[in-house]
S.K.: 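Right, I'll just put the structure down here and ask away after.
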Amino acid sequence: MLNPSSRSSHLKIVFVLPAKPKHVVSSVVSHPLNKFKDTSIAHSTLISSFSQFGTGIFTPKTISARFLSTSSPHRQTPVNHSRSMSEKITNLDDALQLFDDMTNRKPLPAVFKFTQLLQAVTKMKQYSYSVKLFQRMNSLRVPVNAYTISIVIKCCCQMHRTNEGFAVLGYAFKHNILPNVCTFSTLLNGLVLEDRVLKAERLFKKLIKEALCEPNAIMYSIMIKGLCKSGNNDTAIALLKLMDEKGCKPNVVTYNTIINSLCKDKMVDDALNLFKEMVFHKGIFPDVVTYTSLIHGLCNLSRWDEVSKLLKQMEDERISLDVKLYNTLVDALCKEGKVEDANCIISSMIERGEYPNVVTYNSIIDGYCLRGEMSKANEVFDSMGSRGLVPNIVTYNNLLNGYCKKLKREEAMHLFHEITKKGMKPNVITYSIMIQGLFRARRCKDAHGVYNDMRAHNLIPDECTYRIILEGLCNNNQVDEALSLFHLMGGNKLNSNIKVYNILIDGASKSGKFDIARNLFNDLTFKGLQPNVWSYTVMISSFCREGLVGEAKELLFKMEDSGCPPDNVTYNVLLQGVLKNKQYDTVEMLLKEMEARGFSIDASTVEMLLHYIKTSCLDVSLLKLIGKLVPKEEVDAPCFIV
DNA sequence: GTAGGGTTAG
């Protein structure tokens, strides 16, 4: 009843996908934002020209020969110098072989050759290998410099071992290698990655205070990312202003970081304002990432018209959509249940030379699963192999979630075991889905077993797992267990979450523990937690269950004053409560308020109203008003002008 | 000649 996803939406989605620029023409384009950055044509030409050689063109030997060759034009095989080392070597074995070749050379190749190789391995995300190579360089006494140090620190940081990164910094000091703004930026980024933002702030301040390095736009961007990540968008914006004042010009990445964070926090209007500031006041060109963040934010709020507008804007600015942006659109449509439209997007992306990847199909599978169409979801899953795509853990999680939602316990169990058989590791999400599914199937013992299994695999349950367990216990007449778990967690961060309270308030109320429900609701203010629409709605439903309709209505008025206006669900819940408590006089007023607010009545409320009319508790004249409040069938299919 | 930052999955 309180599931917001059941709210009906009446959308007409019009996406005008930007046409892919056909030619890169250097003519003047009137739009102030216009710029030419389409490299896709050059790219595809490059790929097709190489494809005829097959994949064996770069053997370790040839790479070694090309890479180490002297500058003599006679001995040199034609090498495309515009391609960097990391583009030439994309295979770990080749890189390791080359490293061996290099160490056997006398004299040893220059430091920067080693550094280039280290960078190539790092680009492959083989961080532990990079670190190992660095250690071998040390034992071979290959000199290292600030570049090498930064790469190795980055590798430590990417493995979430920033402390080891600091040890490398110590090594640098010991060897008289002066760390610079790049070195420190990498370390700051490592701290941010590990959510150690306070430590990052302290280091950042120390760097400035002791003049260890002059922060540049990249370093500021990292700090801004840290602030955003720790929920301090305002401070992040303040730092953006500060860097500007200090004469350090923010760039598109700096803005993208904050815009993305604001969009994730549903503050899309603030993000759009920042976007305008960036473009019109600072003259910074947005890129595909900027648009992806904004479009993602708008999609989450179902603001489709504005999505279309931004897509149109991209077309005007000749910014091509990339796979990630297509995936954002595909995912948003699938979440709305519009899988067919998402498939249209896939067709058009293929036409434009962008290829769907695992993420794309994961969204499609998820879309079918949400609609309960498991056979279609499985069809897509089966087709992935023929498209050269390997399903990942997300693919399995989506399918698993589909089975669990449909209470297909055996299929879910089978798939769950299949994951390990395929050599993949279930993650916290896999286990959480499984636990939720078992609770829903009223298999509390099995749910507990899966939880133990998860702990045995050293996986730490997250806040979502915690909520799933609390909700599972509540829905299986084990509210006492849920409450004792909640008390056991005490002041844990997981307990300062409004969603946790909503689950418990609802659970306590439904199992007749009204006083506990009310106390929990009152506790919110003491804990400094702001009740949201769900909290109020759950409490209103709780009052109605106790026959306290007056208090329920009072709370509805209070919502408005607290800056948290009631929504569709709140009204439906109150309406049902009023009917159950035979307070028929209030019905008309509530229906009129709903009409004024543009809300609609859900199917179960309509059914109840009709029942009370039939039994003459309500007047037939209400039918006209009810008719206006019944959601119309969605006639308008989303329209894609491609 | 070689290093550091931003977008997608419950």
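To find a chain, count down the sequence lines: A is the first, B the second, and so on, and within it residues start at 1.
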S.K.: Can you give the donor-acceptor pairs under 3.5 Å from side chains of residues 211-220 of chain A to other protein atoms, not counting sequence neighbours?
M.R.:
residue, atom, partner, partner atom, Å
A:Asn216, OD1, A:Ile218, N, 3.2
A:Asn216, OD1, A:Met219, N, 3.0

S.K.: Nearest-Å distance, CG (A:Asn251) to C1' (B:dG5)?
M.R.: 8 Å
S.K.: Please list residues of residues 258-273 of chain A whose heavy atoms come under 4.0 Å from any atom in DNA chain B, ordered by number; otherwise none.
M.R.: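 Here the set is A:Asn260, A:Lys264.
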S.K.: Going by distance alone, is a donor N or O of one side chain under 3.5 Å from an acceptor N or O of the other, for A:Thr186 and A:Asn189?
M.R.: no
S.K.: Tell me what A:Lys154 touches on the nucleic acid: a base, only sugar-phosphate, or nothing, going by heavy atoms under 4.0 Å.
M.R.: sugar-phosphate
S.K.: Nearest to the side chain of A:Val181, which nucleotide is it out of B:dG6, B:dG10, B:dG4?
M.R.: B:dG4
S.K.: Rounded to whole angstrom units, what separation is found between the CG atom of A:Leu389 and the P atom of B:dT8?
M.R.: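 Taking atom P of B:dT8 as the reference, CG of A:Leu389 is at 20 Å.
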S.K.: For the side chain of A:Asn398 and the base of B:dG10, is some donor closer than 3.5 Å to an acceptor across the two?
M.R.: no
S.K.: Base, sugar-phosphate, or nothing for A:Asp322, non-hydrogen atoms under 4.0 angstrom?
M.R.: nothing
S.K.: How is A:Ile218 classified with respect to the nucleic acid when contacts are heavy atoms under 4.0 Å: base, sugar-phosphate, or nothing?
M.R.: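 The answer is base, as A:Ile218 lies within the cut-off (heavy atoms under 4.0 Å) of a base atom.
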S.K.: Below 4.0 angstrom, N of the basic side chain to O of the carboxylate: do A:Arg105 and A:Asp101 qualify?
M.R.: no
S.K.: Under 4.0 Å, heavy atoms only, any strand: does A:Ala146 hit a base, just the sugar-phosphate, or nothing?
M.R.: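 Base, at least one base atom sits under 4.0 Å.
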S.K.: Whole angstroms only, please: what is the CD1-C1' distance between A:Ile469 and B:dG10?
M.R.: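 Going from CD1 in A:Ile469 over to C1' in B:dG10 covers 14 Å.
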S.K.: B:dG5 P sits how many Å from A:Lys229 NZ, rounded?
M.R.: 13 Å
S.K.: Do A:Lys406 and A:Tyr403 form a cation-pi contact, if we require the NZ or CZ to be under 6.0 Å from the six-membered ring centre and within 45 degrees of the ring's axis?
M.R.: no
S.K.: Would you kindly check whether a donor in the side chain of A:Asn180 faces an acceptor in the base of B:dG4, or vice versa, at under 3.5 angstrom?
M.R.: no
S.K.: Cation-pi check, A:Lys199 to A:Phe166: give yes when NZ or CZ is under 6.0 Å from the six-membered ring centre and within 45° of the ring axis, no otherwise.
M.R.: yes
S.K.: Could you tell me how far apart A:Ile149 (CD1) and B:dA3 (P) are, to the nearest whole angstrom?
M.R.: 15 Å
S.K.: Please work out if A:Lys335 contacts a base, only the sugar-phosphate, or nothing of the nucleic acid, heavy-atom cut-off 4.0 Å.
M.R.: sugar-phosphate
S.K.: Taking the side chain of A:Asp366 as its heavy atoms from C-beta onward, which of B:dG5, B:dA3, B:dG10 lies nearest to it?
M.R.: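 Closest nucleotide to the A:Asp366 side chain: B:dG10.
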S.K.: Taking only N and O in the side chain of A:Gln119, is any of them less than 4.0 Å away from OP1 or OP2 of B:dA3?
M.R.: yes
S.K.: Side chain of A:Ser293 only, heavy atoms from C-beta on: which candidate in B:dG10, B:dG4, B:dT7 is closest?
M.R.: B:dT7
S.K.: Give a yes or no on whether a donor-acceptor pair under 3.5 Å exists between the nucleobase atoms of B:dG5, that is its base, and the side chain of A:Asn256.
M.R.: no
S.K.: Considering just the side-chain nitrogens and oxygens of A:Gln116, establish if one lies under 4.0 Å of OP1 or OP2 belonging to B:dA3.
M.R.: no
S.K.: Taking only the side-chain heavy atoms of A:Thr254 (C-beta and beyond), determine which of B:dT7, B:dT8, B:dG5 contains the nearest atom.
M.R.: B:dG5
S.K.: Among the nucleotides B:dT2, B:dT7, B:dG4, which one has an atom lying closest to any side-chain atom of A:Lys324?
M.R.: B:dT7
S.K.: In whole Å, what is the span from the CZ atom of A:Phe275 to the P atom of B:dG6?
M.R.: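 Nearest whole value for this atom pair: 20 Å.
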S.K.: Ignoring hydrogens and angles, are the base of B:dG6 and the side chain of A:Thr257 linked by a donor-acceptor pair under 3.5 Å?
M.R.: no
S.K.: Establish whether the base of B:dG10 is bridged to the side chain of A:Asp462 by a donor-acceptor pair shorter than 3.5 Å.
M.R.: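 Result: at least one qualifying N/O pair found.
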S.K.: Would you say the base of B:dG5 and the side-chain of A:Ser221 have a donor-acceptor pair closer than 3.5 Å?
M.R.: yes
S.K.: Rounded to whole Å, how long is the line connecting atom CZ of A:Phe114 with atom C1' of B:dT2?
M.R.: 13 Å
S.K.: Who passes ring-ring contact (aromatic ring centres under 6.0 Å, His included) against A:Tyr355, sequence neighbours left out?
M.R.: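 A:Tyr355 satisfies ring-ring contact (aromatic ring centres under 6.0 Å, His included) with no other residue.
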S.K.: May I ask you to say what A:Asn189 touches in the nucleic acid, namely base, sugar-phosphate or nothing, with a heavy-atom cut-off under 4.0 Å?
M.R.: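 The residue A:Asn189 makes sugar-phosphate contact but no base contact.
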S.K.: Between A:Arg303 and A:Glu306, does at least one N-O distance fall below 4.0 Å, as a salt bridge requires?
M.R.: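 Counted as a salt bridge, because a side-chain N and a carboxylate O are separated by less than 4.0 Å.
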S.K.: Would you kindly give the CG-to-C1' distance between A:Leu415 and B:dG10, to the nearest whole Å?
M.R.: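 Rounded to the whole Å, the gap is 14 Å.
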S.K.: Considering just the side-chain nitrogens and oxygens of A:Lys225, establish if one lies under 4.0 Å of OP1 or OP2 belonging to B:dG6.
M.R.: yes
S.K.: Using atom types as modelled and distance alone, determine if a side-chain donor or acceptor of A:Asn251 lies under 3.5 Å from a backbone N or O of A:Val253.
M.R.: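 Confirmed, A:Asn251 side chain pairs with A:Val253 backbone.
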S.K.: Report yes if a donor N or O on one partner sits less than 3.5 Å from an acceptor N or O on the other, where the partners are the side chain of A:Ser432 and the base of B:dG10; otherwise report no.
M.R.: yes
S.K.: Specify whether A:Phe134 and A:Tyr171 have parallel, tilted or perpendicular ring planes, treating 30° as the upper limit for parallel and 60° as the lower limit for perpendicular.
M.R.: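 Rings of A:Phe134 and A:Tyr171: perpendicular, over 60°.
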S.K.: Name the nucleic acid region contacted by A:Thr360, choosing base, sugar-phosphate or nothing; use a 4.0 angstrom heavy-atom cut-off, strictly under.
M.R.: nothing
